[in-house]
Amino acid sequence: MSSSPASSSVRVRFAPSPTGWLHIGGVRTALFNYLFARKMGGKFLIRIEDTDTERSEKQYTDDILSSLKWLGMNADEEILYQSDRGKIYQSMADDLISKGLAYRCFCTTEEVEATREKMTKEGKKPMYARTCREKNYAAGAGPNGRTSFAIRAKFPLQGTTAFTDMIRGEITFPNTDLDDFVMIRSNGVPTYNYVVVVDDIEMKISHVIRGDDHINNTPKQIFLYEALKAEKPLFAHLPMILGEDKKKLSKRNGETSTNAYRQHGFLPDGLLNFLVRLGWSHGDQEVFTREEMIQFFDFEHVQVTGAVFNPEKLLWINGEHIKKSNPDQLLTILKEDFKFSYSGVSDAYVLTLITHLQPKVKLLKELPEQLKTLVIAGASKVDGSDLKWNKVPEQKAKIKIAIQEFMNDCNSVVSKKGKPTLAECGIGHDEINAKLHDIGEKYTLKLGEFTQPMRLFVTGQPSCNIGLFDLLPIMPWETAYARLEACLKS
RNA sequence: GUCCCUAUCGUCUAGAGGCCUAGGACACUGCCUUUUCACGGCGGCGACCGGGGUUCGAAUCCCCGUGGGGACGCCA
């Protein structure tokens with residue numbers, strides 16, 4: 001259903017209104033625009049729709065832009081602010097009035113409301129009564145001395161308005177159901193349906209890719225394209241993201257700011273990967289790199305129905321991305337976004353720890369939590385009172401002897417070679433494994449019986465997911481030894 | 001209410017008339033692996049909304065019904 005215009009002509013935009021934080025639904029809309037632009041070698045643009053002066057706030061614009069930056073979706077050209085363009089909107093509207101395609105409406109809000117209520121009661125679609133439609137009022141020359149007017153579109157009374165949606169195909173509206181919508185409010189501020197067209201023309205937008213809550217606005221906008229004698233873009237209406245209650249995602253049912261996802265430890269590509277799979281598919285593939293998303297994206301496989309936001313799958317996908325990440329990059333993010341720091345240990349050591357931990361976490365914020373007792377001297381605060389060995393004192397004594405033997409064994413090697421870690425003394429994962437198995441056999445202990453207390457004390461916390469055999473070789477032996485001593489004393 | 005869109009496991013989805021006894025993923029669950037937790041491996045549970053057509057043959061095409069969503073603003 002999609003057409004393939006010359007790639008160089010593809011220009012798409014993400015046009016948020018700064019009336020709230022950038023939320024996940026907005027990110028998905030931006031993403032589909034971004035992917036299409038990148039795939040087609042076109043331009044991805046951003047326009048801030050701040051005509052609603054009441055609700056627009058600078059802090060929201062800042063949040064939207066910084067969130068998009070975090071996600072790696074920056075605009076290819078200068079960002080357009082609608083608040084800068086008031087004069088253009090006004091003069092084009094005046095022009096449409098002179099051509100008989102729009103008119104001044106002096107009706108008051110109360111009058112308009114009244115007819116709307118009446119029509120609703122009669123079971124009709126609430127619309128404007130078109131009182132001023134054929135009056136040709138001049139500015140400042142309204143009925144009953146009224147001077148305040150809005151500008152309305154003179155929408156056709158008959159026929160149909162249709163367009164071909166890239167996702168859904170042909171959509172047709174009877175014109176009788178469409179209103180003479182307001183283009184410029186009586187306070188002079190233009191409305192969304194009007195400025196969106198003026199600006200999309202100005203920006204030479206080739207494809208309008210947006211949420212399907214805009215399908216019903218499209219005929220109004222088509223009217224304006226025709227009135228302004230401009231070439232119409234192609235439209236693609238994306239299905240909505242739904243909350244668990246299957247209603248449009250909102251603050252009530254789980255809408256969350258993009259920033260919150262960042263703080264929780266989602267990777268940009270993990271979040272984007274989850275979002276792209278909400279309403280789009282590429283066979284059975286679930287995990288995509290950014291390059292793959294761009295390479296494979298198409299409108300043919302965009303779903304038509306809304307998709308429920310599934311936090312658990314998001315978590316899983318994020319884990320997949322963390323697994324594949326470069327530890328260096330992970331460390332950088334940890335330092336920048338999670339105030340992660342360490343002392344008395346080398347960068348290489350921290351990086352190796354991350355390598356061992358990254359396949360096991362789903363959220364970045366788990367990393368500093370698990371690392372903290374490994375990379376900061378004296379951070380270990382272990383209480384061994386919950387350990388199983390406390391139940392059988394003679395067993396506990398035997399285990400301590402076994403652990404002591406392991407310590408002595410390693411110690412002799414380390415002091416002979418004079419290196420700070422077991423790994424540098426030639427004792428790696430497999431050697432530790434063999435050593436502990438031997439000791440277990442010698443003292444007729446199951447491996448878990450004595451590695452469990454060892455692991456607790458060496459990691460310095462009960463919830464660190466690193467394997468003991470992975471940790472022992474790389475941890476400074478001095479530290480490991482001290483912690484094992486504490487274990488013996490407990 | 002009117003208009004627009006829509007309908008495959010709980011959820012995200014594959015599916016373009018025979019490859020479908022409907023595939024994958026998340027979740028749930030059984031087993032295995034194992035140095036706790038986790039990761040991983042192998043299984044299990046689980047869906048074509050209903051009714052009519054069209055066709056030799058329908059999850060797939062058409063119609064109706066029903067369900068769901070969205071829009072009906074001097075919000076965007």
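Throughout, a chain's letter reflects where its sequence line sits, starting with A, and its residues are numbered from 1.
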**OP:** Taking atom CD of A/Glu122 as the centre, report whether more than 12 heavy atoms of other residues, nucleotides or ligands fall under 6.0 Å from it.
**Re:** yes
**OP:** For A/Thr19, answer base if it contacts any base atom (sugar-phosphate contacts may also be present), sugar-phosphate if it contacts only those atoms, and nothing otherwise; contact means non-hydrogen atoms under 4.0 Å.
**Re:** nothing
**OP:** Scan A/Glu286 against the nucleic acid and name what it touches under 4.0 Å (heavy atoms): base, sugar-phosphate only, or nothing.
**Re:** base
Original post:
Which heavy atom in A/Asp50 sits nearest to a heavy atom in A/Gln82, and how many Å separate them?
Top reply: OD1-N, 3.2 Å
**OP:** May I ask you to decide if A/Ile209's main-chain N or O and A/His207's side chain share a donor-acceptor pair within less than 3.5 Å?
**Re:** no
**OP:** For salt bridge (charged side-chain N to carboxylate O under 4.0 Å, His left out), just list the numbers for A/Asp438 and A/Lys435, CA-CA rounded to whole Å, side-chain angles, deciding distance to a tenth of an Å, and then say yes or no.
**Re:** CA-CA 5 Å; A/Asp438 287 349; A/Lys435 250 185 222 299; over 6 Å; no
**OP:** Look at the side-chain N and O atoms of A/Lys248 and state whether any lies under 4.0 Å from the OP1 or OP2 oxygen of B/G69.
**Re:** no
Original post:
Has the side chain of A/Arg277 got a donor or acceptor atom that lies under 3.5 Å from a matching backbone atom of A/Trp280?
Top reply: yes
Original post:
Taking the C1' atom of each, how far is B/A16 from B/C31, in whole Å?
Top reply: 40 Å
Subject >> A/Lys313 NZ to B/G24 P, straight-line distance once rounded to whole Å >> reply: 13 Å
Original post:
Starting at NZ of A/Lys220 and ending at P of B/A71, how long is that distance when rounded to a whole Å?
Top reply: 12 Å
**OP:** Give A/His282 one of three labels, base, sugar-phosphate or nothing, depending on what nucleic acid heavy atoms sit under 4.0 Å from its own.
**Re:** nothing
Subject >> Whole-angstrom distance between B/C4 and B/G40, as gauged at atom P >> reply: 48 Å
Original post:
If you look at every strand shown and take non-hydrogen atoms under 4.0 Å, does A/Phe469 touch a base, only sugar-phosphate, or nothing?
Top reply: base
Subject >> Side-chain N or O of A/Thr51 closer than 4.0 Å to phosphate OP1/OP2 of B/A76 >> reply: yes
Subject >> Backbone of A/Ala114 reached by a side-chain donor or acceptor of A/Glu117 within 3.5 Å >> reply: no
**OP:** Would you indicate, yes or no, if B/A76 has its OP1 or OP2 atom less than 4.0 angstrom from a side-chain nitrogen or oxygen of A/Arg185?
**Re:** yes
Original post:
Across the strands shown, which category fits A/His301 at heavy-atom distances under 4.0 angstrom: base, sugar-phosphate, nothing?
Top reply: sugar-phosphate
Original post:
A/Asp179 near the nucleic acid: base, sugar-phosphate alone, or nothing, with a heavy-atom cut-off under 4.0 Å?
Top reply: nothing
Subject >> Any A/Thr191 side-chain N or O less than 4.0 Å from OP1/OP2 of B/C74 >> reply: no
Original post:
How far does the P atom of B/U21 sit from the matching atom of B/G30, given to the nearest Å?
Top reply: 31 Å
Original post:
Contact class for A/Gly211 vs. all strands (heavy atom < 4.0 Å): base, sugar-phosphate, or nothing?
Top reply: nothing
**OP:** For B/C72 and B/C19, measure between their C1' atoms and round to the nearest Å.
**Re:** 46 Å
Original post:
Could you state the CG-C1' distance from A/Leu314 to B/A27, rounded to the nearest angstrom?
Top reply: 14 Å
**OP:** Look at all strands and tell whether A/Ser463 reaches a base, only sugar-phosphate, or nothing, counting heavy atoms closer than 4.0 Å.
**Re:** nothing
Subject >> N/O (side chain, A/Lys246) to phosphate O (OP1/OP2, B/G67) under 4.0 Å >> reply: no
Original post:
Is there any ring-ring contact (aromatic ring centres under 6.0 Å, His included) pair reaching into residues 300-325 of chain A, and which pairs are they, with sequence neighbours excluded?
Top reply: A/Phe274-A/Phe309
Original post:
Base, sugar-phosphate alone, or nothing: which one does A/Ile432 contact when heavy atoms must sit under 4.0 Å apart?
Top reply: nothing
Between the protein and nucleotides 39-45 of chain B, list every N/O to N/O distance that falls short of 3.5 Å.
from: B/G40; atom 1: OP1; to: A/Lys323; atom 2: NZ; distance (Å): 2.9

Original post:
Rounded to the nearest Å, what distance is computed from the CD atom of residue A/Gln303 to the C1' atom of nucleotide B/G15?
Top reply: 11 Å
**OP:** Find out whether the Lys NZ or Arg CZ of A/Arg152 is both under 6.0 angstrom from the six-membered ring centre of A/Tyr103 and within 45° of the ring's axis.
**Re:** no
Original post:
Does any nucleotide pair with B/U66 by Watson-Crick or G-U wobble geometry, both distances under 3.5 Å, and what is it?
Top reply: B/A7
Subject >> Step-by-step side chain to side chain donor-acceptor pair (under 3.5 Å) determination, A/Tyr89 to A/Asp199 >> reply: CA-CA 9 Å; A/Tyr89 304 133; A/Asp199 290 340; 2.6 Å; yes
Original post:
Counting any heavy atom closer than 4.0 Å, what does A/Ile215 reach on the DNA or RNA strands: base, sugar-phosphate only, or nothing?
Top reply: sugar-phosphate
